[in-house]
Amino acid sequence: MTRKFISIAMACLITAGSSIWAEERVNPFFAPYDTPFEIPPFDKIKPADYLPAYTEGLKQARADIQAIINNPETPTFENTILAMDKAGALLEKVSRVFGAITQTDITPELSDINDIVVPMVGQYEDEISMNDKLFARVKTLYDNRNNLSLDKDQIRMIEKSYNSFTRNGALLSPEKKEELKALNNKLAELYLKFNKNLLAATNEFEIVVDDVNQLSGLNQGQLSAALQAGKKRGHDGKYVFTLHAPSRLPLLTNADNRELREKMYKGYATLASSGKYDNRPVINEILKTRAAKAKLLGYPDYATYMTSKVMAGTPQAAQELMKKMWGPTVKKVNEEVAEMQQIVDRQGLDFKIQPWDYYYYSEKVRADKYNLNENDLRPYFCVDSVRKGIFTMANRLYGLTFTELPDAPKYNPEVKVYDVRDENGEHVAIYMTDYHPRASKRQGAWASKFKASYIDENGNDIRPINFNVGNFTAPTEDMPSLLTLDEVETMFHEFGHGLHGMLSRARYKSQSGTAVDRDFVELPSQIHEHWAFEPELLKVYAHHYQTGEVIPQELIDKLEAASTHGSGFHMAERITAAWLDMQYGQLNPTGDIDINAFEQKVVDELGAPSEVEYRYHSTYFKHIFGGEQYASGYYTYMWAEVLDCDGYDLFAQNGIFDRKTADSFRQNILEKGGSEDPMELFIKFRGHRPTPDALMRKYGLDPKAPEANLEIKYPMGEK
């Protein structure tokens, strides 16, 4: 720890201590939350509270683990596995809050505290995962798991625990364990650096436009948002565009000024790739460190290490799916580009479609081919209307009602809090939403929780606190938040994650809600996207923000006709990003690689259409370099899409609000969490193993298109 961080740590401790003496103030984390439904008392939590809470939380967690190790009784599920599940309650309590705040409202002070906390927690996690005595108890249970009269969820919990230990070095020698700890610490520091660079580079970039005549094509709401951004950034009276999606995408989609589109596109494509925020050196260090970690643990490469713990099982299985989809996807992209080029040629313009033209001319084709313009639709998708849509969907499928709690604690004034109840009036969960961009919030959309659901030792059903975060189009002084079709879909997607957490009935915290295999976790989120534009639901929630008029049938018909429009582009973006991710995971570099050249090599090997670039270039591919959750796992969105499209076919056959089908999905998928094997759960719901047929239909892809000639690496010698 540097002297700077030691000073900060001491300041935090001194501040907390002096506050207690002067005001008899108790750190909010050190007492039960005296709030409705035990929502964290955000207004009472101060930055100085975090480090003392982490310090005490780690102390208590270590004591909990030591008590398990020192237990003289023969290992049982209750005194070992369940005790581990309950260990570190205070650490979990503070981590849930701090993790959420540093993603949504980061400040320099919190960033410095984060620099201190991450290695502290990382060290503790290594201590646990490499503790020989603790592992010995788990191994005893693992070796005898089928002779202990345990339930299916308990056996699965033992197996997951054993596999987690072995994957984290439990079988290594003491010397090798120290090597692994050093590698883990280094990765934690690198992820911090990657994320800091990305946030700083994103906030630094701006395009300032003085003359509104340069902005033809943008509607009044988009112009107002740009003016408001200019005011916030010290360019009063000027139009400012940033790399945040609600600013970037409208300009790429609607601006007639091609040079402006190119400037925005290249600004995004080169984000965090030069200067003081250059992430390329960070990526190189991550790749080398990950490869070393995989080798130390006995895996041929990092991708094999990561996929061994999920449904796919191997990198090859994930790549086979991508390979099967790639040929039809390229055929679809070529058809889309040809339609765009026809419009360019008709306009008498002398250029070929480039990546910065794709959004713009895709919208032109939609208007030309389907007589549909997204700007005609957005007035019907005010954020409040879409919120009504997701709540209506949840009510009709699962009998849930959402009542706003305006006086409930919030971590930001923009947050809305809801009490979720079932048809019997029983409390199910607390649900929060935080939908608009802030400079202090990272990009993207996600779901998480402040409290997991589980059954406590007295048999009480502890209900969760879940939240959704987005970066959707923000309201302006004269315009409400009117969402794009992509934003509407994303809102339904994240709500699906929320439902997975809210409706969980798994007994144990470590199996609650979204605590499932990474390539299964997107099933509940992606399947609920299907309802977003179903005519039956649109007529309930899609109302014009000014007149209250329900969306006309004519627009619904056009929307359905254009349902596969641009699908080649979106699938190509996903596959190229997932393929790049998997190629990185199969590297074993000993020195630095040229990141730009490697990206180009992967594109060339794919034979990717030049008009479609990566969804995320490496330097801002936060999914895979900002942490480990999706590393060598970006394919999971497509893997889960096979599941969700096949699953939704059952709703389409029986009725999209058929309660019997919804009850089956709720009982077999949403309520089970990670308590059973995911493939078994899917088969219980669907009646068969999944096939990609429905996914092909959703995207309008030709299953008879020539298969892509892609080489799939077999690092373990299977081929």
Please check this pair: side chain of [X] against backbone of [Y], looking for a donor-acceptor N/O pair closer than 3.5 Å.
{"X": "E336", "Y": "S567", "result": "yes"}
{"X": "S247", "Y": "H244", "result": "no"}
{"X": "T253", "Y": "P250", "result": "no"}

Pairing residues for [X] by the salt bridge (Lys or Arg N to Asp or Glu O under 4.0 Å) criterion, not counting sequence neighbours:
{"X": "K364", "value": "none"}
{"X": "E628", "value": "K293"}
{"X": "K672", "value": "E676"}

In Å and rounded to the nearest 0.5 Å, what is the [atom1] to [atom2] distance from [X] to [Y]?
{"X": "I353", "Y": "L349", "atom1": "CD1", "atom2": "CG", "value": "9.5 Å"}
{"X": "N668", "Y": "F685", "atom1": "CG", "atom2": "CZ", "value": "8.0 Å"}
{"X": "Y359", "Y": "N254", "atom1": "OH", "atom2": "CG", "value": "12.5 Å"}
{"X": "S273", "Y": "N279", "atom1": "OG", "atom2": "CG", "value": "9.0 Å"}
{"X": "F657", "Y": "R396", "atom1": "CZ", "atom2": "CZ", "value": "4.5 Å"}
{"X": "I551", "Y": "L559", "atom1": "CD1", "atom2": "CG", "value": "6.5 Å"}

Could you check, using the six-membered ring where one of them is a Trp, whether [X] and [Y] have ring centers closer than 6.0 angstrom?
{"X": "Y648", "Y": "W531", "result": "yes"}
{"X": "Y616", "Y": "H623", "result": "yes"}
{"X": "Y637", "Y": "Y634", "result": "yes"}

| Honestly, is R261 close enough over Y360, meaning NZ or CZ under 6.0 Å from the six-membered ring centre and within 45° of the axis? |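 Yes, cation above the ring, under 6.0 Å and within 45°.
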Taking atom types as modelled, is there a side-chain donor on [X] or [Y] under 3.5 Å from an acceptor on the other?
{"X": "N654", "Y": "K660", "value": "no"}
{"X": "H493", "Y": "E522", "value": "yes"}
{"X": "Q526", "Y": "D644", "value": "yes"}
{"X": "R518", "Y": "Y630", "value": "yes"}

Considering all heavy atoms, the nearest [X]-[Y] contact:
{"X": "T473", "Y": "E487", "answer": "N-OE2, 2.9 Å"}
{"X": "G585", "Y": "S632", "answer": "CA-OG, 3.5 Å"}
{"X": "P524", "Y": "I669", "answer": "CG-CG2, 4.2 Å"}
{"X": "H544", "Y": "T547", "answer": "CB-OG1, 3.2 Å"}
{"X": "T433", "Y": "Y435", "answer": "CG2-OH, 3.4 Å"}
{"X": "A245", "Y": "Q443", "answer": "N-OE1, 3.9 Å"}

Flag the pair [X] / [Y] as yes when at least one side-chain heavy-atom distance between them is below 4.5 Å, and no otherwise.
{"X": "E374", "Y": "E363", "value": "yes"}
{"X": "Q222", "Y": "N375", "value": "yes"}
{"X": "F351", "Y": "D357", "value": "yes"}
{"X": "Y541", "Y": "R387", "value": "no"}
{"X": "L397", "Y": "H528", "value": "yes"}
{"X": "L485", "Y": "F381", "value": "yes"}
{"X": "R378", "Y": "Y545", "value": "no"}
{"X": "R659", "Y": "Y398", "value": "no"}

| field | Verdict with reasoning, Y584 to S618, per side-chain contact (heavy atoms from CB on, under 4.5 Å) | value | CA-CA 10 Å; Y584 272 132; S618 306; 2.7 Å; yes
| task | Show the numbers, then the answer: is there a side chain to side chain donor-acceptor pair (under 3.5 Å) between N466 and H497? | result | CA-CA 9 Å; N466 297 89; H497 282 308; over 6 Å; no
| Can you list the steps and then say if I575 with Y635 is a side-chain contact (heavy atoms from CB on, under 4.5 Å)? | CA-CA 7 Å; I575 295 177; Y635 77 90; over 6 Å; no
| Does R689 pair with E680 as a salt bridge, N-O distance under 4.0 Å? |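 Judged by the 4.0 Å cut-off on N to carboxylate O distance, R689 and E680 do not form a salt bridge.
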Listed pairs under 3.5 Å, donor-acceptor, residues 691-700 side chains, sequence neighbours left out:
{"unit_1": "R697", "atom_1": "NH2", "unit_2": "D649", "atom_2": "OD2", "d": "2.4"}
{"unit_1": "K698", "atom_1": "NZ", "unit_2": "E641", "atom_2": "OE2", "d": "3.0"}
{"unit_1": "Y699", "atom_1": "OH", "unit_2": "E641", "atom_2": "OE1", "d": "3.4"}
{"unit_1": "Y699", "atom_1": "OH", "unit_2": "E641", "atom_2": "OE2", "d": "2.7"}

Per-pair distances, 0.1 Å, donor-acceptor, side chain in residues 262-271, under 3.5 Å, sequence neighbours excluded:
{"unit_1": "E262", "atom_1": "OE2", "unit_2": "K266", "atom_2": "NZ", "d": "2.6"}
{"unit_1": "T270", "atom_1": "OG1", "unit_2": "K266", "atom_2": "O", "d": "2.6"}

| task | Report the C-alpha distance between K622 and N195 in whole Å, list the side-chain angles of each, state the deciding distance to 0.1 Å, and finish with yes or no for side chain to side chain donor-acceptor pair (under 3.5 Å). | result | CA-CA 7 Å; K622 183 180 173 70; N195 291 325; 2.7 Å; yes
| message | Using ring pair (Phe, Tyr, Trp, His ring centres under 6.0 Å), reason through F495 and Y431 one step at a time and then give a plain yes or no. | response | CA-CA 10 Å; F495 184 66; Y431 173 64; 5.5 Å; yes
| task | Applying side chain to side chain donor-acceptor pair (under 3.5 Å), run through Y239 and Q214 and close with a yes or a no. | result | CA-CA 10 Å; Y239 301 85; Q214 295 183 36; over 6 Å; no
| field | Worked check of side chain to side chain donor-acceptor pair (under 3.5 Å) between Q347 and Y361 | value | CA-CA 12 Å; Q347 292 174 335; Y361 279 100; 2.9 Å; yes
Quiz: residues 602-613 side-chain donor-acceptor pairs under 3.5 angstrom, not counting sequence neighbours:
{"unit_1": "D604", "atom_1": "OD1", "unit_2": "Q600", "atom_2": "NE2", "d": "2.9"}
{"unit_1": "E605", "atom_1": "OE2", "unit_2": "K601", "atom_2": "NZ", "d": "2.7"}
{"unit_1": "E613", "atom_1": "OE1", "unit_2": "H617", "atom_2": "NE2", "d": "2.7"}

| message | Atom CD of residue position Q629 - does it have more than 12 heavy atoms of other residues, nucleotides or ligands inside 6.0 Å? | response |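 No - once you tally the heavy atoms of other residues, nucleotides and ligands closer than 6.0 Å, there are 12 at most.
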| request: Evaluate side-chain contact (heavy atoms from CB on, under 4.5 Å) for S362 paired with H565, printing each intermediate quantity in order. | output: CA-CA 8 Å; S362 178; H565 175 71; 3.0 Å; yes
| task | I would like to know whether F520 and T636 meet side-chain contact (heavy atoms from CB on, under 4.5 Å); could you show each step before the answer? | result | CA-CA 8 Å; F520 189 67; T636 59; over 6 Å; no
| message | For a salt bridge (Lys or Arg N to Asp or Glu O under 4.0 Å) check, start with the C-alpha distance between E554 and K558, then their side-chain angles and the critical distance, and finish with the verdict. | response | CA-CA 6 Å; E554 179 186 7; K558 291 178 180 179; 3.4 Å; yes
| message | For a salt bridge (Lys or Arg N to Asp or Glu O under 4.0 Å) check, start with the C-alpha distance between K309 and D519, then their side-chain angles and the critical distance, and finish with the verdict. | response | CA-CA 10 Å; K309 64 176 181 177; D519 43 10; over 6 Å; no
